[in-house]
*Asks:* 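What follows is a structure written as structure tokens; I'll ask about it next.
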Amino acid sequence: MEESSLTRLIPRTYALQGLQNIRNRDNLFNQLLGQQKLLQDGLDDQTIEYFLGQLSLMDSNNFRDKAGVGEREGRVFSGLVAQRHFGFSHGIGRSGDIAEVQPKAAGSSILYKLTNKLVSHALQVAGLKTELHSIVFPLATGMTISSALLAMKSIEPRRSKVIWCRIDQKSCLKAISLAGLTPVVVEPVRENNMLVTNIQRIREILLSEEREHILAVVTTTSCFAPRQPDRIDEVAVLCQEFAVFHLVNNAYGLQCPKICKLIDRAHTKGRVDAVVQSTDKNFLVPVGGAILATANPEFLAKVTANYPGRASASPIIDLFITLLSMGVSGYRGLLQQRQQLLPLFQRKLHDFCATNALEILPSPANTISFAISFGSLSSGGKDLSFLGSMLFQRNVSGCRVVVCSPSATKRTKIAGAEFTNWGAHANDYPVSYFTVACAVGMSMSEVDIFLSKLHKTWTKFKKLQSLAAASHPEPEGQTR
């Protein structure tokens, strides 16, 4: 808008004031494009919508007097759908490479490349010191792991097996299978009821005749207690020594300073080819995206070039908006809030356990998830997993009950591999337990509500156990 045009309608003072407000927003936008880093402070929604509106006007589907004669012109039937996507409808990438610029979608291409730059900066804000190149995949964590493994396979096509440090979450195991690879399962070692990486077993496999078939080692940092983050620094040394790829599943590890330091140490000591983390668990956006970070830009180019066709921009738009809303101070504050809440959460869990003669299983390296042993509570009454159902019925979500039996014979088959006591990360874990997490975004009020409901639910659960046990007494002479 020109000042001269506005002053024909309103006094010059008012026109200049209004134009200055627009210029201030334009300056912020130019700063963002120039520095390609998170702004120090988060932006208000109106400013973010202004940015999005400017970018979407650069896409051909929003041109005036357009005449699209191709089969894919970004046409959207529903106005509500168009509004939900802020006018972006071409997606990201081209058929040959997800990271390529689209001629029809200059605005979408800018948004995608800028989001990737902002994410790389956000990883540094979270605590990662290693210089990593990042890309946001419009796929959740498991599918992004598959994409990375397929890129590795294209580099080493004759290798078909992946050493997988057991973590009882199906997505990573299925990601290996989906990539056409065979998992070589490495069971963890139990140390004082902690489950830690079996480094010796990994070395044995890499020294065996099977070595020539090993494409990669897949490790995990964020996991359910009592499993500890894998010793990825030691695994990195082995991967460098034996020249195999190393992929780290860091699903929700960005929120943990210990894990960030561990990832840095692994890069310093040995080989790490890719680190994959979820967007929803780390940045509080809807499910649908993941971040692949690597110190090797050539490997990143290989992954993006392998992606077939274009992709949805929805997860990228969600993350772009969120990062602009947070800024450095907002994201750092979110991480600090969890760190401040953590000792309170632990103390309240200890108080609950002391009151009910229970025990928090040792898990010093895992400061996100906590496991509480059922102790001597009999499973002869109500099944222990019923506790999870009772809590869920009381609007407590996320509690995970793991029932372990040393004499279990039931086998669970996933992606061609068989497991006993699936869910416990080990075939022979000695006690049953339930897990809860102090994750990023959790509030003080949620901690208080959860502990209040846990106390009440546990009391009722014990009564149900006692009643069930009384109605099914054990035969004389037998004890539990």
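One is the number of the first residue; the rest follow in order along the sequence.
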*Asks:* Leu361 and Ser373: which non-hydrogen atoms are nearest, and at how many Å?
*Replies:* CD2-CB, 3.9 Å

*Asks:* Going from CD1 on Ile48 to CZ on Phe320, what distance comes out if it is rounded to the nearest 0.5 angstrom?
*Replies:*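 Reported to 0.5 Å precision, the distance equals 8.0 Å.
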
*Asks:* Please determine whether a side-chain nitrogen of the Lys or Arg among Arg201 and Glu187 lies less than 4.0 Å from a carboxylate oxygen of the Asp or Glu.
*Replies:*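 So Arg201 does not pair with Glu187 through a salt bridge.
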
*Asks:* What distance do Ser222 atom OG and Gln277 atom CD have between them, rounded to the nearest 0.5 Å?
*Replies:*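 Reported to 0.5 Å precision, the distance equals 9.0 Å.
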
*Asks:* Using side-chain heavy atoms (C-beta onward) and a distance below 4.5 Å, is Ser278 in contact with Phe283?
*Replies:* no

*Asks:* What's the separation between atom CH2 in Trp164 and atom OG1 in Thr182, rounded to the nearest 0.5 Å?
*Replies:* 13.5 Å

*Asks:* Check the pair Ser432 / Val402 against side-chain contact (heavy atoms from CB on, under 4.5 Å), numbers first and verdict last.
*Replies:* CA-CA 6 Å; Ser432 298; Val402 179; over 6 Å; no

*Asks:* Can you tell me how far apart CG (Leu111) and CG (Asn116) are? Round to the nearest 0.5 Å.
*Replies:* 9.5 Å

*Asks:* Evaluate Thr412 against Glu418 for side-chain hydrogen bond (donor to acceptor under 3.5 Å, both in side chains), listing each step before the verdict.
*Replies:* CA-CA 5 Å; Thr412 302; Glu418 288 193 349; over 6 Å; no

*Asks:* Does the side chain of Cys165 come within less than 4.5 Å of Thr220's, by heavy atoms?
*Replies:* no

*Asks:* Under 4.0 Å between a Lys/Arg side-chain N and an Asp/Glu carboxylate O for Arg231 and Asp233?
*Replies:*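 Salt bridge: no.
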
*Asks:* side-chain contact (heavy atoms from CB on, under 4.5 Å) with Asn249: which of Thr219, Ile232, Thr141?
*Replies:* Thr141

*Asks:* Apply side-chain contact (heavy atoms from CB on, under 4.5 Å) to residues Ile259 and Asn250 and explain how you reach the verdict.
*Replies:* CA-CA 9 Å; Ile259 290 176; Asn250 187 43; 3.3 Å; yes

*Asks:* Please evaluate residues Gln465 and Phe386 with respect to the criterion side-chain contact (heavy atoms from CB on, under 4.5 Å), reporting the C-alpha separation (whole Å), side-chain torsions for both, the decisive distance (0.1 Å), and the verdict.
*Replies:* CA-CA 10 Å; Gln465 284 277 316; Phe386 188 60; over 6 Å; no

*Asks:* May I have the list of side-chain donor-acceptor pairs in residues 393-401 shorter than 3.5 Å, sequence neighbours left out?
*Replies:*
residue: Arg394; atom: NH1; partner: Met390; partner atom: O; Å: 2.8
residue: Arg400; atom: NH1; partner: Gly423; partner atom: O; Å: 3.4
residue: Arg400; atom: NH2; partner: Gly423; partner atom: O; Å: 2.6

*Asks:* Are side-chain heavy atoms of Val431 and Cys404 found at a separation under 4.5 Å?
*Replies:*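 The answer is no, as the side chains (C-beta and beyond) never meet within the 4.5 Å cut-off.
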
*Asks:* Provide the closest heavy-atom pair for Glu210 versus Lys161 in the form atom of the first, atom of the second, distance.
*Replies:* OE2-NZ, 3.0 Å

*Asks:* With side-chain contact (heavy atoms from CB on, under 4.5 Å) as the test, pick out the partner of His267 among Val272, Val248, Thr294.
*Replies:*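 Among Val272, Val248, Thr294, the one that satisfies the side-chain contact (heavy atoms from CB on, under 4.5 Å) with His267 is Val272.
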
*Asks:* Is the ring centre of Phe374 less than 6.0 Å from the ring centre of Tyr433?
*Replies:*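 Distance test on ring centres: not under 6.0 Å, no.
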
*Asks:* What verdict does the side-chain contact (heavy atoms from CB on, under 4.5 Å) test give for Tyr112 and Ile110, after you've listed the backbone C-alpha separation in whole Å, the side-chain angles of each residue and the deciding distance to 0.1 Å?
*Replies:* CA-CA 5 Å; Tyr112 188 36; Ile110 291 170; over 6 Å; no

*Asks:* Please step through side-chain hydrogen bond (donor to acceptor under 3.5 Å, both in side chains) for the pair Asn198 and Arg190, ending with a clear verdict.
*Replies:* CA-CA 9 Å; Asn198 192 337; Arg190 182 152 51 92; over 6 Å; no

*Asks:* Can Asp448 and Lys348 be counted as an ion pair, charged N to O under 4.0 angstrom?
*Replies:*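 A salt bridge links Asp448 with Lys348.
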
*Asks:* Is there side-chain contact between Trp422 and Arg166, with at least one heavy-atom pair below 4.5 Å?
*Replies:* yes

*Asks:* Parallel, tilted or perpendicular: which one describes the rings of Phe245 and Phe299, with boundaries at 30° and 60°?
*Replies:*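 Tilted: the ring planes of Phe245 and Phe299 meet at 30° to 60°.
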
*Asks:* Heavy-atom count check: over 12 atoms from other residues, nucleotides or ligands less than 6.0 Å from Lys117 NZ?
*Replies:*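 For Lys117, atom NZ is not crowded (no more than 12 foreign heavy atoms under 6.0 Å).
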
*Asks:* List the steps, then state whether side-chain hydrogen bond (donor to acceptor under 3.5 Å, both in side chains) holds for Asp230 with Thr197.
*Replies:* CA-CA 5 Å; Asp230 278 319; Thr197 316; 2.8 Å; yes

*Asks:* For Lys174, does the NZ atom have more than 12 heavy-atom neighbours from other residues, nucleotides or ligands under 6.0 Å away?
*Replies:*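 Incorrect, the count does not exceed 12.
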
*Asks:* Please tell me if the side chains of Asp264 and Leu128 come closer than 4.5 Å, counting only heavy atoms from C-beta onward.
*Replies:* yes

*Asks:* In the structure I gave you, are the side-chain heavy atoms of Val119 and Thr279 within less than 4.5 Å of one another anywhere?
*Replies:*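 No, too far: nothing below the 4.5 Å cut-off.
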
*Asks:* When Cys256 is tested against each of Leu342, Ile368, Thr221 for side-chain contact (heavy atoms from CB on, under 4.5 Å), which residue passes?
*Replies:*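 It is Ile368, the one option of Leu342, Ile368, Thr221 that forms the side-chain contact (heavy atoms from CB on, under 4.5 Å) with Cys256.
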
*Asks:* Taking all non-hydrogen atoms of both residues into account, name the closest pair between Ser56 and Gly87 and its distance.
*Replies:* CB-C, 4.2 Å

*Asks:* Would you say the side chains of Asn366 and Ser369 form a donor-acceptor pair under 3.5 Å?
*Replies:*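 The criterion, which ignores hydrogens and geometry beyond distance, is not satisfied for Ser369 and Asn366.
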
*Asks:* Do Leu43 and Phe29 have side chains that approach each other closer than 4.5 Å (heavy atoms only, starting at C-beta)?
*Replies:* no

*Asks:* To the nearest 0.5 Å, how far apart are CD1 in Ile199 and CD in Glu234?
*Replies:*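 That separation rounds to 4.5 Å.
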
*Asks:* Within the structure provided, determine whether Asp168 and Arg227 are in side-chain contact (heavy-atom separation under 4.5 Å).
*Replies:*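 No. Closest side-chain heavy atoms not under 4.5 Å.
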
*Asks:* Mind checking whether His455 and Phe352 have parallel, tilted or perpendicular rings, split at 30° and 60°?
*Replies:*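 Correct class here is perpendicular.
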
*Asks:* Side-chain polar contacts of residues 325-335 - donor-acceptor pairs under 3.5 angstrom, sequence neighbours left out - could you list them?
*Replies:*
residue: Ser325; atom: OG; partner: Ile321; partner atom: O; Å: 2.9
residue: Ser329; atom: OG; partner: Gln40; partner atom: O; Å: 3.0
residue: Ser329; atom: OG; partner: Asp41; partner atom: OD1; Å: 3.1

*Asks:* Give, for atom CG of Leu454 and atom CG of Leu391, the distance between the pair rounded to the nearest 0.5 Å.
*Replies:* 6.0 Å

*Asks:* What is the minimum heavy-atom distance between Ala236 and Ala266, and which atoms define it?
*Replies:* CB-O, 3.5 Å

*Asks:* Using the ring of each side chain (for Trp, its six-membered ring), is Phe461 parallel, tilted or perpendicular to Trp458, with breaks at 30° and 60°?
*Replies:* tilted

*Asks:* Indicate the atoms forming the closest heavy-atom contact of Leu254 with Cys260, along with that distance.
*Replies:* O-SG, 3.7 Å

